[in-house]
2 protein chains.
Amino acid sequence: MCDHHSRDKKGSVCRCGGGLPVEKFMQPCLLILLKQRSAHGYDLLQQLTEFGFSERLDPGSVYRTLRRLEEEGLVTSHWDVGEGGPARRLYSLSDEGEEMLHAWAVHIRQQRKRMDAFLERYQSIFSKQD
Amino acid sequence: MCDHHSRDKKGSVCRCGGGLPVEKFMQPCLLILLKQRSAHGYDLLQQLTEFGFSERLDPGSVYRTLRRLEEEGLVTSHWDVGEGGPARRLYSLSDEGEEMLHAWAVHIRQQRKRMDAFLERYQSIFSKQD
DNA sequence: TTACTATAGGGATAATTTGTCAATATAAAT
DNA sequence: ATTTATATTGACAAATTATCCCTATAGTAA
């Protein structure tokens, strides 16, 4: 989630990283992708790059998030043993999931407002002099 | 951090909450407040409302965050046993802290861009019909 | 037939982070 | 005397994260 800093030698994440944790933000992104069309995990994993997720995003975290969304009733899934390749789980958005998507939109607009408050103050301090 | 949903009976946080964890975002906010002027924890606790933090933000989390920032060398502190009231720890921004503030600004702009990507898609799906 | 790669999914684990609650202390106000 | 505002710290359980590793199927190249 943090590309402007390289990771240090020990492989740990940069210190300002995680302002918005990967898996948390992944949830509304998965919901909105599934609102557009049902899909399986591997497919979603790749679509997530459209929202700024790294191309080498850990697949484990995507599958884990999907399973949690299903536990919460926000998505449903069934096995799809169709043409070619290993069996895949096809996920769809539930009604409850769509409601949650709306709640997320409100939430994210709020967070953006907070970030704007920060950025405006930042610019008013640094842009002029210094 | 989540005001658009009330908490449920058990006192747990609403399910879409925490997209941006309170203490994580608190860090750059504290740094920018200290860039403007040195202050002590209780003072900062109140200034944080300007960034959208709840008026009843748990003081413990603010002090804890300040201590961590000091461990990391981003702020410095010394006891101020001045006029009236209990002794207070006066915090100041270090040079390293100011650098980190710039890194945070980059990071937050990036996150904002991601949120915009989400919100634009959200609107393109829902605003027209539905 | 063997090996490799792409596709697809799952799990285990340790470390961090969070929220919450409680405790301590000083001074001013009632 | 006691309540309120100021000010800081500690402890802890629960949730969350990142990370690494494992399994399995099918098609393709060697």
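Chain A is the first sequence line, chain B the second, and so forth, proteins listed ahead of strands; every chain is numbered from 1. Bear in mind that the values here come from a model prediction, so they are computed numbers and not experimental data.
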CZ of B/R68 versus P of C/dT17: gap in Å, rounded?
5 Å
Please classify the nucleic acid contact of A/P59 as base, sugar-phosphate, or nothing, using heavy-atom distances under 4.0 Å.
nothing
So what does A/R64 hit on the nucleic acid, given a heavy-atom distance under 4.0 Å: a base, only sugar-phosphate, or nothing?
base
Contact nearer the 5' end of DNA chain D, comparing B/Q46 with B/W79:
B/Q46
To the nearest Å, how far apart are B/D58 CG and D/dA7 C1'?
14 Å
Position toward the 5' end of DNA chain D (nearest nucleotide), A/S61 or B/Y63
B/Y63
By the definition side-chain contact (heavy atoms from CB on, under 4.5 Å), identify the one residue from A/L44, A/L66, A/L31, A/L57 that meets it with A/M26.
A/L57
From the options D/dT9, D/dT6, C/dG19, select the nucleotide whose nearest atom is closest to the side chain of B/E23.
C/dG19
Rounded to the Å, how far apart are B/E70 CD and D/dT8 C1'?
13 Å
Calculate the interatomic distance between A/D43 atom CG and C/dA8 atom C1'; express it in whole Å.
11 Å
Figure out the CE/P separation between A/M26 and D/dA18, and round it to whole Å.
8 Å
Is B/L90 reachable from B/L45 through a run of hydrophobic residues whose side-chain heavy atoms are each under 4.5 Å from the next?
no
Taking the six-membered ring for Trp, are A/F126 and B/H102 ring centroids under 6.0 Å apart?
yes
Interatomic distance, A/L45 CG vs C/dA6 P [rounded to whole Å]
14 Å
Determine whether a donor-acceptor pair (one donor, one acceptor, N or O, separation below 3.5 Å) exists between the side chain of B/R67 and the base of D/dG10.
no
For A/Y42 and C/dT7, is the shortest distance between a side-chain N/O and OP1 or OP2 below 4.0 Å?
yes
Closest to the A/Y91 side chain: C/dA25, C/dT7, C/dG10?
C/dG10
How close or far is atom C1' of C/dG9 from atom CZ of A/R89, stated in whole angstroms?
8 Å
Between the main-chain N or O of A/E55 and the side-chain N or O of A/T49, is there a donor-acceptor pair closer than 3.5 Å?
no
Without decimals, in angstroms, what is the distance between B/L30 CG and D/dT8 P?
12 Å
Have a look at B/R64 and tell me which of B/E23, B/E71, B/E70 forms a salt bridge (charged side-chain N to carboxylate O under 4.0 Å, His left out) with it.
B/E23
